[in-house]
Amino acid sequence: KEGHFVDKQGNKTECFINDEDWYNSPKSISYRLTQTGNVQKIDTDQLTEFTVDGTKYFWAKVQYDQSNQDIKRLGVTSNPEWATGDLLLKTLVDGTAKLYHYHLPQLNLFFFSVSGSPIEQLVFRNYLNPGDPNQVLANRMYLSQLNSGVKCGDKAPANPQSVPYEEKALTKYFRSFNICSGDAPPEKEDRKREGFSLRITPGVDFVANEVERSGSRRVYEFSSNTNFRVGVDFQSVLPFLNGKFAIILEPHFSYYSGKLKGGTETIEYKQVTVPLGVRYRYMLSDKNYIFANAMVGTSFFLSFKHGPYEITKGMIDAAGGAGVAVGRFSLEARYSPEWRYTVDNIYRYKVDRTVLILGFKIR
């Protein structure tokens, strides 16, 4: 996306920057000098600032609480462990009151400045109760900072419920203050992200089934049938990296019926599979994308008929797939690698499955 960066010597470079919607403060950025130029990379510690798609990151020397907020490593003091250093801050809100963010795996810090005042951290810190190490307490000094320095008119004081120490709530609070103060600069429109979606996923299974009898090396091959399957796809998009990754759950029902090639034996079973996985989405537009899935789950037989034999235990089932989603519709080809199971130590079954799935989004 269109942007620029400024190096330590003050040189400004207009370019196109790969907007990765960084969850943590980026250590480097990739850019092109033209839309079709070669991709280049530069470490952010060589810059004073960079801007991509209207969002600004810049280095600032600030005082910050360096305490690790990992719940397993909390201390018993409520006071911040102050340090002074250069941090790469992301601008969340601009205007009379400015809001900034800095994030690392164990640091989630917000900073602010009002009417050109020095940048100051909004203090929030979890700590253990000295008298009860199983109880987690919180220093919410940021609320008094907001109520004394970022409060307009007769608005109700900020409290933990109305303004939790989170990006969305703090961004809303600072924008509201700027509007109330008569300063409402144009704000970049929030990126609309699909959070949770639900699809109905009917499809067809192309199943190859082979059986080997214990004590014999002969393999009995059953017909490769096309069978109906139906499922429900639950997708939860992760709130970073521009929504490229999602957690998916797709419980589905499938049915197989096959006949021994050159014989009269039949196998018939009904099966429920509950796979959980990760989906990578390459966005073509806000609603259209190409995707790839990696899934693993458990399969259960509702019924199994091969003469007098039955299967009741569950089995681990893995699968990988790829497809495209356009509007409410999606189409996916999925492959389940060969999996095996044994019945009464007599028959060993080998199953190979390719699936074609049509999805329809209902939410």
Side-chain angles (χ1 to χ4, degrees), residues 194 196-211 219-237 243-261 266-306 311 314-341 349-363:
E194 178 186 34
F196 172 81
S197 65
L198 174 65
R199 292 178 184 268
I200 302 296
T201 53
V204 289
D205 287 356
F206 304 94
V207 181
N209 210 330
E210 294 182 353
V211 180
V219 175
Y220 300 88
E221 187 175 349
F222 284 73
S223 57
S224 299
N225 284 2
T226 301
N227 301 289
F228 177 75
R229 57 94 76 195
V230 65
V232 182
D233 180 296
F234 301 91
Q235 173 181 270
S236 180
V237 178
K244 291 180 180 178
F245 290 92
I247 302 299
I248 53 174
L249 177 70
E250 201 242 359
H252 59 268
F253 167 85
S254 58
Y255 169 81
Y256 171 82
S257 177
K259 185 177 180 181
L260 178 66
K261 291 184 177 180
T266 60
I267 294 178
E268 181 180 323
Y269 56 77
K270 298 175 182 178
Q271 188 177 34
V272 171
T273 304
V274 185
L276 178 69
V278 177
R279 174 171 291 154
Y280 173 78
R281 312 191 311 162
Y282 181 81
M283 306 304 297
L284 304 174
S285 66
D286 288 342
K287 297 181 179 180
N288 306 329
Y289 54 88
I290 299 170
F291 63 89
N293 301 332
M295 314 173 76
V296 63
T298 304
S299 291
F300 302 93
F301 286 103
L302 301 179
S303 65
F304 179 93
K305 296 180 181 179
H306 180 200
I311 296 178
M315 295 168 295
I316 300 299
D317 191 15
V324 59
V326 179
R328 288 187 172 273
F329 292 93
S330 63
L331 183 66
E332 177 188 354
R334 185 181 300 174
Y335 175 69
S336 293
E338 177 183 295
W339 50 270
R340 301 169 181 262
Y341 55 96
Y349 297 83
K350 185 176 71 174
V351 178
D352 196 73
R353 179 185 289 115
T354 302
V355 189
L356 190 63
I357 302 169
L358 177 66
F360 178 73
K361 182 179 176 182
I362 59 177
R363 183 186 185 279

**OP:** Report the distance from atom CD of Q271 to atom CG of L302, rounding to the nearest 0.5 Å.
**Re:** 8.5 Å
**OP:** May I ask you to check whether Y289 and Y282 place their ring centres under 6.0 Å from each other?
**Re:** no
Subject >> Interatomic spacing from CZ in F245 to CZ in R279 - rounded to 0.5 Å >> reply: 13.0 Å
Original post:
What are the two closest heavy atoms between G327 and R199, and how far apart are they?
Top reply: O-NH2, 3.8 Å
Subject >> Within 6.0 angstrom of K270 NZ, more than 12 heavy atoms from elsewhere >> reply: no
Original post:
To the nearest 0.5 Å, what is the distance between CE (M295) and CD1 (I248)?
Top reply: 4.0 Å
Original post:
Where do S299 and T273 come nearest, in terms of heavy atoms and distance?
Top reply: OG-OG1, 2.8 Å
**OP:** Can you measure from CG (D233) to CG (L198) and round to the nearest 0.5 angstrom?
**Re:** 8.0 Å
Subject >> Any donor-acceptor N/O pair, R328 side chain to K361 backbone, under 3.5 Å >> reply: yes
**OP:** Of all the heavy-atom pairs spanning R229 and T201, show the shortest one and how long it is.
**Re:** NH1-O, 3.0 Å
Original post:
Going through the distances and angles, do T298 and V274 end up as a side chain to side chain contact (heavy atoms under 4.5 Å, CB included)?
Top reply: CA-CA 6 Å; T298 304; V274 185; 5.7 Å; no
**OP:** Please report the shortest heavy-atom distance between E250 and G231, naming the atom on each side.
**Re:** OE2-CA, 4.3 Å
Original post:
Counting heavy atoms not belonging to F360, are there more than 12 under 6.0 Å from its CZ?
Top reply: yes
**OP:** State, to 0.1 Å, how close F291 and S330 come at their nearest heavy-atom pair, and which atoms those are.
**Re:** CE2-CB, 4.5 Å
Original post:
What pair of heavy atoms forms the shortest contact from D205 to S254, and how long is it?
Top reply: OD2-CB, 3.3 Å
Original post:
Any donor-acceptor pair under 3.5 Å linking the side chain of N293 with the backbone of A322?
Top reply: no
Original post:
Can you tell me how far the CG atom of L358 sits from the CD1 atom of I200, to the nearest 0.5 Å?
Top reply: 11.5 Å
Subject >> Derivation of the side chain to side chain contact (heavy atoms under 4.5 Å, CB included) call for I247 and V278 >> reply: CA-CA 5 Å; I247 302 299; V278 177; 4.3 Å; yes
Subject >> H252 and P275, any side-chain heavy atoms less than 4.5 Å apart >> reply: yes
Original post:
CD/Q235 to CZ/F196 distance, rounded to the nearest 0.5 angstrom?
Top reply: 9.5 Å
